[in-house]
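Single-structure report; data block below.
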Protein chains: 2
Amino acid sequence: MTTEMLTALDQAGVRLTGPRRQLTELIGRRQGHFTAAELLDDAERRRLGIGRATVFRLLELLAEQSLVERLDLPDGRHAYIPCEPTHHHHLVCLNCGTSTDVGDCGIDAVTTEAARRSGFEIQQHRLELFGTCPDCQSKKRVKR
Amino acid sequence: MTTEMLTALDQAGVRLTGPRRQLTELIGRRQGHFTAAELLDDAERRRLGIGRATVFRLLELLAEQSLVERLDLPDGRHAYIPCEPTHHHHLVCLNCGTSTDVGDCGIDAVTTEAARRSGFEIQQHRLELFGTCPDCQSKKRVKR
DNA sequence: CTTCATGCAAACCCTTTGCACGTCG
DNA sequence: CGACGTGCAAAGGGTTTGCATGAAG
C-alpha cells in the first residue's frame, strides 16, 4: 500500500525523495486515521530529521492525488485517512481509529430526495460515519 | 428568528446581555453560514466594541443549545449556521452561502446498509450537502 | 547542472485563557 | 449585592511561508 502511494506520486511527476519515502512508509504502518502532529511525532521518534513543513507539504500532495483524504473528527480535530482515489465515504471507529471505506450504499437516493424537496442543485456531498468497529465491539464485550 | 435565539437562550438560563443581543441580531441579519471572523468583523464595522472572546463564547453557547451548528466547508474553513435544534442535515449553497435544513431523506437506510456491509456499529453520522440554491440557479441562467 | 525539495525558524491564522473591571438580575 | 459576563492582551495550537542549503533526475 505504501508502494501504491509512491508509484501514484511518481506517475504524477512528483520526486520520490528520501523524506517522502520515509513518510509514506510511516503512513502505511499506521492503521486508520492520523493527524499531522501524530505523523510528525512518528518521524521525530525515529530520529528521521524530518521537518514539520515537509510533513504538511507531503500531506497536501497526497490529498491532491486523492491518496489521502482530510476529514473532520466529531471532536473537531483534523485527521487524514489513506484511501483509494475513487468516490466513497469513510466509516471511522471512534475507539481505535481504524477506518473502512464504504461505497455508495444508496446515498444518491438521499441527495436526489433532498434536491427535490429543496430545489437545490446538489454538486457535492460529504458523509462521514462514526461508530465502533467489529474488533472493538468484541473486546468491549469481553472486558465488561 | 433572532428573537427565537434570545428566548431559547433565556430559557436555558443564560443572561441576555447587551453584547449577546447585538451579536444574535447580527447573526440574524446574515443569511446562511458565517465564520467567527466574519461575525467579529460585522461587530467591529459597527463599532460595537465587542471583543473576539465574546464572539467565540457566544458561538459556543449557541452550539450547546443547538441553535447554531458548526460545519466544515469543502474548502476546509469552519463556519456556523443558525438552525433548528432537531436532528437534520444542511444543504449549503456554494454560491451565496444560503442554507436550508433537510430532514431525514432516507439516510437511515444508508447507515444501516453501511453497518451491514462493514460490521461496524454506527453511532454518529455527519452529512453535508453542497450545491446551488434555486435563486442562484436562475440568476446564473440569466447572466449567461 | 538545473530544478525542485528540505529543514529551520519565524510568521500566521484561529481559538482559548487569565484577569481586572463592569453589568445583570 | 453577588454571580456572572466582558474586553483586552497574551498564550496556545495548528498550519504556512521565506530562505539558504542540499538532493534528485
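Numbered from 1 within each chain, the chains take letters A, B, ... in sequence-line order. These numbers were taken from a predicted model, which means no experiment stands behind them.
Partners of R46(B) according to the salt bridge (charged side-chain N to carboxylate O under 4.0 Å, His left out) rule, which considers only residues two or more places apart in sequence or in another chain, do not exist here.
DNA chain D is contacted by F56(A), R57(A), R70(A) of residues 55-72 of chain A, taking any non-hydrogen atom closer than 4.0 Å. Heavy-atom distances under 4.0 Å link DNA chain D to R15(B), T17(B) of residues 7-17 of chain B, given in residue order. Less than 4.0 Å separates DNA chain D from at least one heavy atom of each of the following residues of residues 38-54 of chain B: G49(B), I50(B), G51(B), A53(B), T54(B).
Pairing each heavy atom of E128(A) with each of D72(A), the nearest pair is OE1-O, 3.1 Å. Contact between P19(A) and T54(A) at its shortest, heavy atoms only, is CB-CG2, 4.1 Å. Here the closest heavy-atom approach between residue A43(B) and residue L23(B) is recorded as CB-CD2, 4.3 Å.
Grouping Ile, Leu, Val, Met, Phe, Trp and Tyr residues whose side-chain heavy atoms lie under 4.5 Å apart, directly or via other members, places F120(A) in a hydrophobic cluster with L91(A), V102(A), I107(A), V110(A), I122(A), L127(A), L129(A), L91(B), V102(B), I107(B), V110(B), F120(B), I122(B), L127(B), L129(B).
R70(A) places a side-chain heavy atom less than 4.5 Å from the side chain of Y80(A).
In terms of phosphate contacts, H78(A) brings a side-chain nitrogen or oxygen within less than 4.0 Å of OP1 or OP2 of dT15(D).
Chain B approaches DNA chain C within less than 4.0 angstrom (heavy atoms of the protein), and the contacting nucleotides run 5' to 3' from dT15(C) to dG25(C).
Using a 4.0 Å heavy-atom distance criterion, A36(A) is classed as a sugar-phosphate-only contact.
Cluster annotation: I81(A) is connected to L94(A) through the hydrophobic network of ILVMFWY side chains, with a link wherever side-chain heavy atoms come within less than 4.5 Å.
Within the 3.5 Å criterion, the main-chain N or O of L16(B) finds a donor-acceptor partner in the side chain of R21(B).
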